[in-house]
Chemist: 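Here it is: the structure, laid out below.
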Amino acid sequence: MKRTFQPETLMMSHGYRPEWSEGAVKCPIFQTSTFVFRTAEEGKAFFEVAYGLRERGDKEKTGLIYSRLNNPDMEILEDRLTLWDGAEACAVFESGMSAISTALFEFLQPGDLLLYSNPLYGGTSHFVHHVLTKFGIEVRGFLPGATREELEQIILESGKKDRLGMIYLETPANPTNDLVDISMCRSVADQFSTPDRRALVAVDNTYMGPLWQHPLKHGADLVLYSATKYIGGHSDVIAGACLGSKELITRVKTLRTFLGNMIAPHTGWLLMRSLETLKLRMEKQAENAQIIARRLAEHPKVAKVHYLGLLSPEDGEAYRTYRRQCTSPGAMVSFELKGGEHEAFVFLNHLKIAKLAVSLGSTESLAQHPATMTHAGVDPAEKAAFGITDTLVRLSVGVENAEDLWWDVEQALAAVPAAKSSRMEMPALEVV
Ligand SMILES: *Cc1c(COP(=O)(O)O)cnc(C)c1O
């Protein structure tokens, strides 16, 4: 009887056979730059396929040539990553930023319009505003909660309605957990596609993936990851991935070959090791995050908690998008203390278990202050519009004992001075 196994079952074996490596139960690290061809004819055949001079035959394996093009640790990792997202193909990179920048370079041309959701990850924001614009690409952002009509209006006002190259999303947004409806963006991209050019939808799924949100199922063409985060999960590697159809990923891999920003064999091997426990880690992290978020919401020194698990039907569209798009509330919690930057800093400085560091998705809990750390480069008016206030703290919840973690959060909250009651609220600012 044929059975389709779940990804967590396949993470220990998929794409690797022990007989390829002296019976080694695990895929070894293929720490080699180049591979020996058995005959000159074989070398010729490998290059024909690698350079697209002919299609690969049905039974023909892609031959190993040179580790910038292919390497078993890179290819087996790619095969395993496709399983979680239900993707045809995957390309892995030496960092999340190299996956993102390579995909944007491959699919955007001078004169194109890139529409993106705000706030963006800092590195991506810099690349979009300071690098893509040098290549003649128009960029326009939209605010959290923007409606379909607002997206259409931004595209029309740009004067580039025939040149929409891509809609690029981060959902849930970092650090506020605001959601963007991927299928709505798909439909906007379709509306502005032309017969000879499909406008793509790309989703940076680092915050939720690959377990809790599968953007390809909601109409995205490309899924991007900083594999440094949940996929790596131990704060000991920098890596990235891009997933999608065979056709699109072949283009991404070709550009990767010439930029030379592929993953190294040792990093690929470490990520395969990480993938074996991905589901266990992520589920435990989400379980802990729900406990912390619920208790934070009831704490007298906390003004507001931003966590998907606290959304309710009264939140309207956000709640509906969450229920449709996400399979878990995740493990990223942000919250606003009563007071200002001082109160947030006192809290952070008193944590004993959670480390004061940026990054996320790892086994250890991490805490940081977005307004002065990850989002320090964001213009002050935009920060206010995105909800990145001086009192906002972001927590990436790890796999520690939940009661120990709550003890830590509670004792750090106890050190925070009680806020004066008459503080003025920041007025909401409009950004264009
Ligand atoms: C960390 C991160 C990136 C960048 O990834 P690197 O691996 O650091 O290059 C991109 N997007 C998001 C959402 C991230 O959290």
Side-chain angles (χ1 to χ4, degrees), residues 77 81 85 90-105 114 116-132 141 144 166 168-180 182 202-213 215 220 222-243 252 256 259-264 267-268 270-271 274 282 285 306 308 326 330-334 355 357-362 364-370 373-378 386 388 394-398:
L77 171 64
L81 278 172
D85 274 284
C90 171
V92 288
F93 289 84
E94 62 186 347
S95 69
M97 277 316 303
S98 56
I100 292 164
S101 54
T102 304
L104 289 171
F105 266 147
L114 170 72
Y116 64 88
S117 65
N118 269 309
L120 278 185
Y121 175 74
T124 308
S125 174
H126 183 95
F127 184 78
V128 163
H129 291 108
H130 301 286
V131 182
L132 288 183
M166 185 186 283
Y168 183 95
L169 310 173
E170 279 182 35
T171 178
N174 169 16
T176 51
N177 278 327
D178 286 311
L179 292 164
V180 184
I182 299 168
V203 179
D204 179 338
N205 200 36
T206 301
Y207 239 57
M208 292 299 268
L211 220 66
W212 301 322
Q213 178 171 269
L222 294 168
V223 179
L224 294 148
Y225 288 108
S226 168
T228 310
K229 315 296 165 57
Y230 287 106
I231 294 173
H234 295 73
S235 295
D236 54 7
V237 288
I238 301 280
C242 177
L243 296 102
V252 170
R256 180 184 68 182
L259 292 176
N261 52 4
M262 69 295 154
I263 205 165
T267 313
L270 274 171
L271 289 184
S274 288
M282 288 182 77
Q285 287 176 260
H306 304 267
L308 297 179
C326 312
M332 294 303 295
V333 181
S334 65
K355 302 282 183 291
V358 299
S359 198
L360 61 102
S362 185
E364 77 285 340
S365 293
L366 297 173
Q368 64 111 2
H369 186 246
M373 296 174 191
T374 47
H375 295 72
V378 178
F386 305 160
I388 305 169
R394 188 187 79 179
L395 286 179
S396 167
V397 180

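Order of appearance sets the numbers: ligands from 1, and atoms from 1 within every ligand.
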Chemist: With side-chain hydrogen bond (donor to acceptor under 3.5 Å, both in side chains) as the test, would you mind laying out the steps for Asn177 and Ser334 before giving the verdict?
Modeler: CA-CA 8 Å; Asn177 278 327; Ser334 65; 4.9 Å; no
Chemist: Decide yes or no for Thr102 and Asn261: does some side-chain heavy atom of the first lie under 4.5 Å from some side-chain heavy atom of the second?
Modeler: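 Sidechains of Asn261 and Thr102: in contact.
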Chemist: Regarding Gln368 and Thr374, do their side chains bring together a donor and an acceptor under 3.5 Å, going by distance alone?
Modeler: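 On atom types as modelled, these side chains qualify, holding a pair under 3.5 Å.
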Chemist: Near ligand 1, which residues have a heavy atom under 4.0 Å away from one of its atoms?
Modeler: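 Heavy-atom contacts below 4.0 Å: Ser95, Gly96, Met97, Ile100, Tyr121, Asp204, Thr206, Ser226, Thr228, Lys229, Ile238, Ala239, Leu360.
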Chemist: Sequence neighbours excluded, which residues qualify as side-chain hydrogen bond (donor to acceptor under 3.5 Å, both in side chains) partners of Thr124?
Modeler: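 For Thr124 there are no side-chain hydrogen bond (donor to acceptor under 3.5 Å, both in side chains) partners, ignoring immediate neighbours.
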Chemist: Are Asp85 and Tyr225 close enough, and set up right, to give a side-chain hydrogen bond (donor to acceptor under 3.5 Å, both in side chains), and what steps lead you there?
Modeler: CA-CA 11 Å; Asp85 274 284; Tyr225 288 108; 2.6 Å; yes
Chemist: So, applying ring pair (Phe, Tyr, Trp, His ring centres under 6.0 Å) with Phe127, which one of Tyr116, Tyr121, Tyr168, Phe105 is it?
Modeler: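 Of the listed residues Tyr116, Tyr121, Tyr168, Phe105, the ring pair (Phe, Tyr, Trp, His ring centres under 6.0 Å) partner of Phe127 is Phe105.
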